[in-house]
Amino acid sequence: MKVSKLIFLFLIGIMIGKAQTKKQMNDQTIYQFEVEDITGKAFPLSNLQGKKVMIVNTASKCGLTPQYKSLEALYQKYKDKDFVIIGFPSNSFEQELNNEAQVAQFCQANYGVTFPMMEIITVKGEKMHPLYQFLTQKKMNMVTDSQVQWNFQKYLIGKNGMLEKVISPKTLPDTPEIIEWIEK
């Protein structure tokens, strides 16, 4: 085999390796997921590249539901600074309304929610949404294993799309820990 052909094959191998590494990196981010918003429209999480993201499972009939007010205030303060909150209504703890239209009306009427809200999903158990499988399994997110303890658990995603922190449901959205994370 000629030297030039060997060099060519070597370079092809490097390019294939880089492509596989890039795909593996993308598989370790939220960007691999497309979800549906509360109106049923596709919402590719890849559109959030370069932003810090808080993913939070929500419920309309929970003792922690007043966190919507703090979430909305946080969103208003930082939405123009590469930060977004994504709400995922869930009935996993049997405290959500019956359908997306009811959830949307409740959030708007009671808390003036303007941050993106998604369709109702399952965040635990056998029917767990694939995004939450990613968020809760270290073998997928490469950071930590976790369980969704209750409504309003927060997952903090860095500008690179990778999981950085898991925040307890009872921790308010405007605590110094979260503010410092957003501002750094």
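Only heavy atoms go into these numbers, but all of them, side chains included; no hydrogens, no water, no symmetry mates.
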Determine which pairs satisfy side chain to side chain donor-acceptor pair (under 3.5 Å) with at least one residue from residues 133-142, sequence neighbours left out, and list them in order. none

Salt bridge (Lys or Arg N to Asp or Glu O under 4.0 Å): which pairs involve residues 161-175, sequence neighbours left out? Lys165-Glu177

Heavy-atom nearest pair, Phe152 first then Gln67, reads CB-OE1, 3.6 Å

Does the side chain of Val113 reach to within under 4.5 Å of the side chain of Phe115, using non-hydrogen atoms? yes

Is Asn47 close to Leu45 at the side-chain level, that is, under 4.5 Å between some pair of heavy atoms? no

Should Ile157 and Tyr31 count as side-chain neighbours, where that means a heavy-atom distance under 4.5 Å? no

Solution key, residues 55-65 side-chain donor-acceptor pairs under 3.5 Å, sequence neighbours excluded:
from	atom 1	to	atom 2	distance (Å)
Asn57	OD1	Gln153	N	3.2
Asn57	ND2	Trp150	O	3.1
Thr58	OG1	Tyr68	OH	2.9
Ser60	OG	Glu96	OE1	2.6
Thr65	OG1	Ala59	O	2.7
Thr65	OG1	Cys62	N	2.9
Thr65	OG1	Cys62	O	2.9

So, do Ile86 and Met117 sit near enough that their side-chain heavy atoms are less than 4.5 Å apart? no

So, using side chain to side chain contact (heavy atoms under 4.5 Å, CB included) as the criterion, who are the partners of Glu183 when residues are at least two apart? Tyr78, Ile179

For Ile30 and Leu131 the tightest heavy-atom approach is CG2-CD1, 4.2 Å

Scan residues 97-121 for pairs that pass side chain to side chain donor-acceptor pair (under 3.5 Å), counting only residues two or more places apart or in two chains. Glu72-Thr114, Gln76-Thr114

Could you pull out all residues at least two apart from Lys52 that satisfy side chain to side chain donor-acceptor pair (under 3.5 Å)? none

Quick one: which residue pairs count as a ring-ring contact (aromatic ring centres under 6.0 Å, His included) with a foot in residues 162-184, not counting sequence neighbours? none

Is the shortest side-chain heavy-atom distance between Asn160 and Thr29 below 4.5 Å? no

Considering residues at least two apart in sequence or located in another chain, which fulfil the side chain to side chain contact (heavy atoms under 4.5 Å, CB included) criterion with Asp82? Lys51, Lys159

Restricting to side chain to side chain contact (heavy atoms under 4.5 Å, CB included), what partner residues turn up for Ala104, sequence neighbours left out? Ile38

Check: Leu74 and Ser70 side chains under 4.5 Å, non-hydrogen atoms: no

Within-4.5 Å side-chain heavy-atom neighbours: Thr144 and Val166: yes

Met54 and Leu71 have their tightest heavy-atom pair at SD-CD2, 3.6 Å

Evaluate the criterion side chain to side chain contact (heavy atoms under 4.5 Å, CB included) for residue pair His129 and Val35; output intermediate values, then yes/no. CA-CA 10 Å; His129 189 279; Val35 295; 3.8 Å; yes

Who pairs with Tyr75 by side chain to side chain donor-acceptor pair (under 3.5 Å), at least two apart in sequence or on another chain? none

Test side chain to side chain donor-acceptor pair (under 3.5 Å) applied to Ser146 - qualifying residues, sequence neighbours left out: Tyr155

Without swapping roles, check the side chain of Ser90 against the backbone of Ser92 for a donor-acceptor pair under 3.5 Å. yes

Residues pairing under salt bridge (Lys or Arg N to Asp or Glu O under 4.0 Å) where one sits in residues 29-49, two or more places apart or in two chains, turn out to be none

Shortest non-hydrogen contact between Ser168 and Lys154, atoms and distance: O-NZ, 3.5 Å

Kindly work out whether a path of hydrophobic side-chain contacts (I/L/V/M/F/W/Y, heavy atoms less than 4.5 Å apart) joins Val148 to Leu172. no

Between Met118 and Pro89 the two heavy atoms that sit nearest each other are O-CD, 3.2 Å

What heavy-atom pair brings Met140 and Phe134 nearest, and what distance separates the two atoms? O-CE1, 3.3 Å

Return the CG to CG distance between Leu163 and Leu135, rounded to the nearest 0.5 Å. 6.5 Å

